[in-house]
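As the structure is a prediction and not an experimental result, all values here were calculated from the model.
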Amino acid sequence: MQLRDALDDYKRHAGDGTRFPGERRTVSGRFSGGDGRLVHVGDDGELRDFGYPLTGRTGLVRSRIGLAVGDEVAWLDEADTTQRYVGDAALVETVHETPRATVTRHDVTLGDAHLTRASVEFAEDASGDDSADGADADPADASLVVYARFAPDGRDDRVGQLRYDDAVEVYHADEHDFLASATGFADLRGQLPATFPELLADDPTDLPRDRDGDRYEEERLSGEVIADVPFSDGVATVATLLTDGAETDREAARDRLDALFSDLDSVDALREAAADALPSVPEDAPARESVVADLRVLSLLSAPSGLRIAGPDFDPYYEHSGGYGYTWFRDDAEISGFLLGAADAVGLDLDDWHARSARMYVATQRPDGSWPHRVWPRDGALAPGWANARIEDGPDVDYQADQTGSVVAYLARARAEGVDVDGLDRTLVAALAGLDRTLEPDGRPVVCQNAWEDSAGRFAHTAATFLEAYSELGRHGEGLAVDALDDPDAVPGADSLPEDLAAHARDRAREVYDALDDLWVPERGCYAVRETLDGGIDDRLDSATLALAAAHRSFDAVGAVDDERLDRLVSHVETVVDGLYHDTDEITGLIRYEGDGWRRADQLSEKVWTVSTAWGANACAELAALLAAHDDPRAAEMTARARDLLAHVSPGGSLCEPTTYLPEQFFDDGTPDSATPLGWPHAIRLATVALLDDELPQFADRAAADDD
């Protein structure tokens with residue numbers, strides 16, 4: 001997104017009660033991708049690239065597609081439009097109904113290329129019947145009009161074009177982007193971006209403009225092109241290709257485009273090519289539609305490295321948020337853990353995904369055993385952030401210790417599942433030393449930032465991630481030893497580790513387990529969200545504290561959860577779920593925490609979050625499994641709660657969009673908001689479906705009876 005586009009959107013949406021001006025929203029439309037490049041196909045058909053964090057290439061920042069018949073152009077974004085995914089893959093079908101014809105588009109992103117196949121079917125009265133508007137036009141004169149604006153290297157200035165018979169190359173320095181047509185170009189022209197007077201005008205500017213013969217330089221000195229693409233037998237296919245000039249020369253780029261046009265000359269060929277980007281889902285998988293959607297989203301958000309962005313970056317100028325197109329190790333490791341736990345239960349082959357994740361966590365660990373705030377997913381390099389206290393000088397308050405806890409829990413489980421990557425044992429030993437250094441003598445983690453990144457203290461959620469990490473290390477850490485470190489003296493705290501690291505981890509898990517009593521609030525029947533900086537207790541309800549359920553289930557494998565703790569966990573989960581439950585005429589789900597004021601706009605109350613609602617469902621299911629292991633009859637009721645919450649984020653639920661996407665948040669009137677789709681709730685949804693089907697099927701009849 002360029003500043004010109006942000007200002008244009010600001011003009012269009014300033015003062016809106018549920019839209020934040022200056023953003024590039026993805027709450028409607030669908031994405032195609034799965035191997036790095038990420039292209040949004042708007043519900044009106046506009047194409048935009050969102051894959052810069054995944055590939056380092058900016059690509060398309062604006063586009064429009066129209067149908068030209070004679071001298072008239074009908075822009076498809078102004079037509080009645082329907083859209084869907086074709087099958088399980090990320091192949092997007094968009095049907096535009098114009099007065100003269102139906103244009104059916106199929107969009108697919110394959111690696112660094114995106115193809116748009118448009119077929120046109122004219123109405124019977126489009127020619128030869130004077131009763132139709134413009135009926136004297138000949139459909140044989142029709143063409144597809146493509147307006148595309150590229151921003152190679154993220155630039156909209158100092159950009160040039162090279163022209164070929166069937167392609168145009170837009171370049172700045174390293175990035176070279178191509179637009180090509182299978183049937184060549186009937187016409188091709190350039191255009192300068194919005195001018196200063198247009199930017200300063202009160203009204204937004206409609207683009208593209210008509211051709212201006214006095215501005216000869218615009219034909220070559222911008223990233224904007226307008227092409228007329230002829231139809232052949234009613235079909236026109238265009239492609240865009242993003243390249244690095246040092247890696248792919250223009251001859252190779254053009255050869256690749258020719259091969260794509262040759263090999264993908266039908267909808268069936270596009271469907272088969274798109275299907276290769278996703279793991280197959282068995283036909284008998286539980287809640288198959290939901291599982292397919294979750295895997296599609298998590299694939300879309302993944303870089304070839306295996307790291308994922310949290311969501312498509314709708315606010316790159318940080319006007320209303322801190323950005324989403326980065327990898328947070330909290331979200332990413334939680335997603336990895338959910339996938340690891342669900343794969344066998346659902347019948348998925350995700351071995352490559354598990355190994356890629358583990359390999360990148362090993363590569364991105366800091367020398368002190370921790371992980372940084374957030375990184376670029378394409379290569380793990382440090383990304384902009386505000387919680388890098390372990391890198392900067394000064395106190396460590398602006399550090400998110402829960403991220404390290406989440407990574408450790410995943411890596412320990414992955415090791416037990418046979419994931420074998422170089423340096424895994426070394427990473428776990430260094431991480432254990434890092435956890436110890438951030439655990440206070442009272443058994444709870446140090447003062448740090450919380451999961452929501454908006455306050456500091458000693459949080460129950462952070463303690464939950466430590467409890468889970470230590471428990472998983474104690475459970476799966478046999479054979480770990482300090483001598484796995486290349487240089488033990490270079491890892492702070494490694495000299496304090498004992499010989500038996502698994503036993504040490506179990507002891508630490510017991511310390512955290514016992515210390516959680518310090519956060520119990522009997523008056524509310526729940527665990528406090530945190531101990532504040534002045535030593536007080538913040539007893540607000542917070543959905544992040546639902547992590548205690550899964551953490552205690554991990555602990556139960558190395559040190560039994562006692563009856564008093566089971567009672568407290570049941571009380572806590574019920575209190576949090578009931579207290580955060582929010583129901584309107586349009587939506588039902590959980591708010592993030594009591595007093596949450598973020599992105600409310602004109603709404604007076606807290607907004608519902610899909611990650612909180614999915615977390616509630618998962619916590620109820622995890623607690624149900626823990627109760628069932630203790631032969632506790634409350635497992636049935638907790639399972640029913642899990643199914644109820646899961647329904648709200650499942651296809652058909654009020655928090656699941658028709659696209660099958662889970663946006664981060666919703667306004668009370670049902671308007672979705674913020675990052676869409678958000679990877680974290682999709683992974684939680686998948687894991688909860690698997691857990692209910694695999695470990696709690698005995699309570700399915702109870703749930704069905706309750707529904708009746």
Side-chain angles (χ1 to χ4, degrees), residues 26 28-51 54-55 59-60 63 65 76-77 81-96 102-121 144 146 180-182 229 234-242 256-257 259-283 285 288-302 304 312 348 651 657-661 676-677 679 682:
T26 61
S28 60
R30 289 165 171 81
F31 281 95
S32 184
D35 191 22
R37 189 177 176 189
L38 181 63
V39 177
H40 183 247
V41 186
D43 58 353
D44 60 0
E46 179 179 12
L47 300 176
R48 288 192 182 187
D49 268 292
F50 281 75
L54 306 174
T55 66
L60 278 168
S63 71
I65 297 179
L76 301 184
D77 54 20
T81 300
T82 58
Q83 191 178 77
R84 69 182 181 107
Y85 276 122
V86 179
D88 295 353
L91 174 63
V92 182
E93 179 184 85
T94 310
V95 180
H96 306 275
T102 298
V103 179
T104 301
R105 286 175 44 190
H106 289 89
D107 284 274
V108 65
T109 307
L110 303 170
D112 49 9
H114 179 88
L115 277 80
T116 299
R117 182 185 192 274
S119 61
V120 61
E121 181 177 351
L144 195 71
V146 179
S181 162
V229 178
V235 175
T237 303
V238 294
T240 60
L241 179 68
L242 312 186
R256 173 159 163 71
L257 288 164
L260 288 169
F261 289 138
S262 174
D263 297 341
L264 305 176
D265 58 352
S266 68
V267 175
D268 286 341
L270 293 176
R271 183 188 298 114
E272 291 177 9
D276 291 340
L278 284 176
S280 62
V281 179
E283 291 297 327
R288 189 177 187 279
E289 179 186 1
S290 178
V291 171
V292 167
D294 294 334
L295 288 176
R296 183 192 293 126
V297 164
L298 296 174
S299 176
L300 289 169
L301 301 181
S302 296
L348 305 173
E657 289 294 278
T659 58
T660 70
Y661 291 166
T676 307
H682 277 278

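- When the options L47, V229, V146, T237 are evaluated for a side-chain contact (heavy atoms from CB on, under 4.5 Å) with T116, the one that passes is L47.
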| query | Would V108 and H106 satisfy side-chain contact (heavy atoms from CB on, under 4.5 Å), going step by step from the backbone distance to the final call? | reply | CA-CA 7 Å; V108 65; H106 289 89; over 6 Å; no

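- For the salt bridge (Lys or Arg N to Asp or Glu O under 4.0 Å) criterion with D88, the lone passing option out of R271, R288, R296 is R288.
- Of the N and O atoms on the side chains of Q83 and T94, at least one donor lies less than 3.5 Å from an acceptor on the other residue.
- Looking at V92 and Y85, their side chains come closer than 4.5 Å, going by heavy atoms from C-beta outward.
- Between the side chain of D44 and the backbone N or O of E46, at least one donor-acceptor pair lies under 3.5 Å.
- Residues meeting the salt bridge (charged side-chain N to carboxylate O under 4.0 Å, His left out) test with R84, sequence neighbours left out: E93.
- Looking only at side-chain heavy atoms (C-beta outward), V95 and T102 come within less than 4.5 Å of each other.
- Using the six-membered ring where Trp is involved, H40 and F31 have ring planes that are tilted, between 30° and 60° apart.
- Side chains of L300 and L38 form a contact here, defined as non-hydrogen atoms less than 4.5 Å apart.
- Annotation for D35 and P304: closest pair O-CG, 3.9 Å, computed over non-hydrogen atoms.
- H682 places no side-chain N or O within 3.5 Å of a backbone atom of V297 that could act as its donor or acceptor partner.
- Between the side chain of T26 and the main chain of T676, a donor-acceptor pair closer than 3.5 Å is present.
- Proximity of a side-chain donor or acceptor of R37 to a complementary backbone N or O of L110 within less than 3.5 Å is not detected.
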